[in-house]
Amino acid sequence: MSNVFDSDSPTNLAEYSVSELSGSIKRTVETAFDQVRVRGEISGYRGPHSSGHAYFALKDDRARIDAVIWKGTFSRLKFRPEEGMEVIATGKVTTFPGSSKYQIVIETLEPAGAGALMALIEERKRKLGAEGLFDAARKKRLPFMPRVIGVVTSPTGAVIRDILHRISDRFPVHVLVWPVKVQGEGSGEEVANAIRGFNALEPAGLIPRPDVLIVARGGGSLEDLWSFNDEIVVRAAAESRIPLISAVGHETDWTLIDYAADIRAPTPTGAAEMAVPVKAELEAQAAALAARLQGCMNRQMDQRRQSVRALMRALPSLDQLLALPRRRFDEAAAGLGRGLALNTINKRRGFERVAAHLRPDVLSNRIAERRQLLSDRMARAERTVERLLDRSKSRIDRAEAILASLPARLKTQTARSREALANLSRHGDTAIRHQLARARADLSAQDRVLQSLSYKNVLKRGYAVIRDEDDRPVSQAAALSAGSAVSIEFSDGRIGALTTEGGAPPASLKKRSAREAGDPPKQGSLF
């Protein structure tokens with residue numbers, strides 16, 4: 001605040017800057033309304049901002065005030081704000097000097113009575129029910145004996161211990177726990193993601209897919225169980241392909257997930273009892289059924305044994321069964337001799353009847369008939385041959401006439417063929433010359449490429465190629481040992497050499513080089 005007075009001012013009022021006035025108003029408002037409770041309807045709520053803060057307004061039928069929930073406070077809320085919800089907000093009123101606006105900074109938020117929450121639940125229930133998410137036709141039956149059970153709950157509460165203990169007592173199976181928050185900000189998304197995550201598992205994957213799911217939480221107030229009324233949780237439960245048991249709260253607590261689940265359990269322990277049968281009872285029932293089956297088998301065997309004995313008494317003896325076949329066999333054996341004799345007599349009589357028809361005159365007549373038939377066929381054959389000879393002579397005469405005119409035709413055809421052959425020869429020579437020219441051009445181009453890529457051009461620049469005893473190129477010194485015979489190829493030819501150890505040539509080679517260069521040998525000392 002400025003204490004300087006303008007001498008030209010007609011009044012003695014103090015002069016403020018805009019910042020000073022805005023700061024004074026801010027301090028006054030925050031001092032007067034540092035802790036207030038406001039009841040109103042949420043308006044303009046679009047969820048938390050990317051920064052994590054939530055901006056909206058509270059209104060009634062005559063006024064409206066802007067509100068903000070900072071990120072740290074928003075994460076501690078027991079339920080998520082929604083558009084149109086009537087709430088009671090506790091916080092302080094402050095101003096924003098940048099735009100001359102005031103707002104309430106909310107520290108706690110609660111619904112305006114349980115009736116408002118129940119009305120919100122009923123409205124959401126009607127909406128989701130109209131979509132068919134609660135229809136009985138969507139419900140799936142629980143498997144009688146699941147191999148894997150998936151549990152969605154908090155890993156630190158007593159609920160998971162009760163479920164595991166109850167399953168272990170009744171029928172121990174493999175249990176997969178997906179840890180989630182069961183209240184507070186983000187708990188609804190975690191529960192929905194857990195349900196969808198279990199459904200996304202492969203049946204034969206590294207983590208086995210559960211046969212039944214249990215979504216569980218202990219008891220609490222309506223606000224504590226609010227996450228299980230979220231629309232995202234209800235939709236995830238309705239979309240689950242795995243049968244789902246809802247076990248949220250106590251027997252008197254109802255949430256929207258209970259309507260979407262395939263079955264509702266009054267308590268988490270009751271959910272475990274619904275999920276698996278009692279192993280001892282199954283074993284006892286199996287033992288009783290096995291005993292009944294054994295008794296039935298014994299009684300059946302006794303009845304069959306008695307029936308077989310009764311049938312055996314009604315069957316005739318072996319002698320009675322074989323008496324008639326034996327008699328028939330004896331009668332057949334006794335009549336066999338007489339039958340053979342009668343059969344021989346009958347065959348002889350038949351032979352005599354056939355022999356009576358075989359007289360010499362009959363055979364002579366048949367031979368004469370066959371000879372006459374053969375003579376007729378030979379005469380017809382001679383006439384046929386004569387006709388064929390006449391036809392052949394006619395064909396030969398026509399062929400001779402054609403052959404007589406053939407030289408003239410051949411001469412004409414030969415002249416034409418020679419002319420066509422001359423034309424083809426000229427065209428062929430031209431095509432061969434063109435083909436040879438193209439081949440020479442291609443060969444020259446390839447030769448130029450070959451010469452440009454040849455290693456001999458590299459040798460002309462002062463390089464050499466080392467080859468081993470097998471005439472293979474050597475690219476590394478490690479491939480040769482001392483005393484190896486090598487050949488060195490230069491641009492103008494090859495020379496032989498022996499390899500030594502180290503980089504310097506041996507003294508013998510130096511002396512040999514010196515002698516070859518023409519240096520006179522030095523005289524040694526006599527002493």
Side-chain angles (χ1 to χ4, degrees), residues 321-322 324-457 470-473:
L321 291 175
L322 296 178
L324 183 60
R326 283 174 178 172
R327 182 176 178 179
R328 290 176 180 174
F329 180 77
D330 293 341
E331 292 177 353
L336 182 61
R338 295 191 303 272
L340 289 175
L342 292 175
N343 190 30
T344 303
I345 294 171
N346 292 332
K347 293 294 183 182
R348 183 180 295 110
R349 289 175 181 175
F351 180 75
E352 289 175 352
R353 284 194 301 271
V354 173
H357 298 287
L358 296 177
R359 297 190 304 274
D361 55 347
V362 176
L363 292 176
S364 300
N365 294 334
R366 289 186 179 181
I367 291 173
E369 292 175 359
R370 296 293 181 181
R371 285 177 179 176
Q372 183 64 35
L373 180 61
L374 181 60
S375 299
D376 296 339
R377 288 182 178 178
M378 290 179 66
R380 287 196 299 270
E382 289 176 356
R383 290 192 296 272
T384 303
V385 169
E386 290 177 356
R387 287 195 298 272
L388 291 176
L389 288 174
D390 294 338
R391 292 176 184 174
S392 298
K393 288 179 180 180
S394 300
R395 291 177 182 175
I396 290 171
D397 294 339
R398 287 195 299 271
E400 288 178 351
I402 293 172
L403 289 174
S405 63
L406 184 61
R409 295 181 181 177
L410 289 177
K411 186 176 181 180
T412 304
Q413 185 68 27
T414 302
R416 293 177 182 174
S417 299
R418 286 176 180 174
E419 184 179 357
L421 182 61
N423 292 331
L424 290 175
S425 178
R426 288 193 298 273
H427 290 307
D429 293 339
T430 304
I432 290 172
R433 285 195 297 272
H434 290 327
Q435 185 68 23
L436 288 175
R438 287 195 296 270
R440 289 192 187 98
D442 294 341
L443 185 60
S444 299
Q446 293 177 2
D447 182 65
R448 288 194 296 274
V449 174
L450 181 61
Q451 292 298 330
S452 64
L453 298 177
S454 177
Y455 73 96
K456 292 184 179 296
N457 293 329
D470 298 330
D471 201 32
R472 293 177 298 186

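- Interatomic distance, Thr414 OG1 to Arg416 CZ, rounded to the nearest 0.5 Å: 10.5 Å.
- Annotation: side-chain contact (heavy atoms from CB on, under 4.5 Å) contacts of Leu388 (sequence neighbours excluded): Thr384, Arg391.
- Remark: Arg383 engages Ala379, Arg380, Arg387 in a side-chain contact (heavy atoms from CB on, under 4.5 Å) (not counting sequence neighbours).
- For the atom pair Ile402 CD1 and Asp397 CG, the distance stands at 11.0 Å (nearest 0.5 Å).
- For the residue pair Gln435 and Arg438, a side-chain donor N or O sits within less than 3.5 Å of a side-chain acceptor on the partner.
- For the atom pair CG (Leu324) and CZ (Arg327), the distance works out to 8.0 Å, reported to the nearest 0.5 Å.
- Under the rule for a side-chain contact (heavy atoms from CB on, under 4.5 Å), the partners of Thr430 that lie at least two apart in sequence or sit in another chain are Arg433, His434.
- Put simply, CD on Glu419 and CG on Leu421 are 11.0 Å apart, with the number rounded to the nearest 0.5 Å.
- In this structure, Arg377 CZ and Leu373 CG are separated by 4.0 Å, a value rounded to the nearest 0.5 Å.
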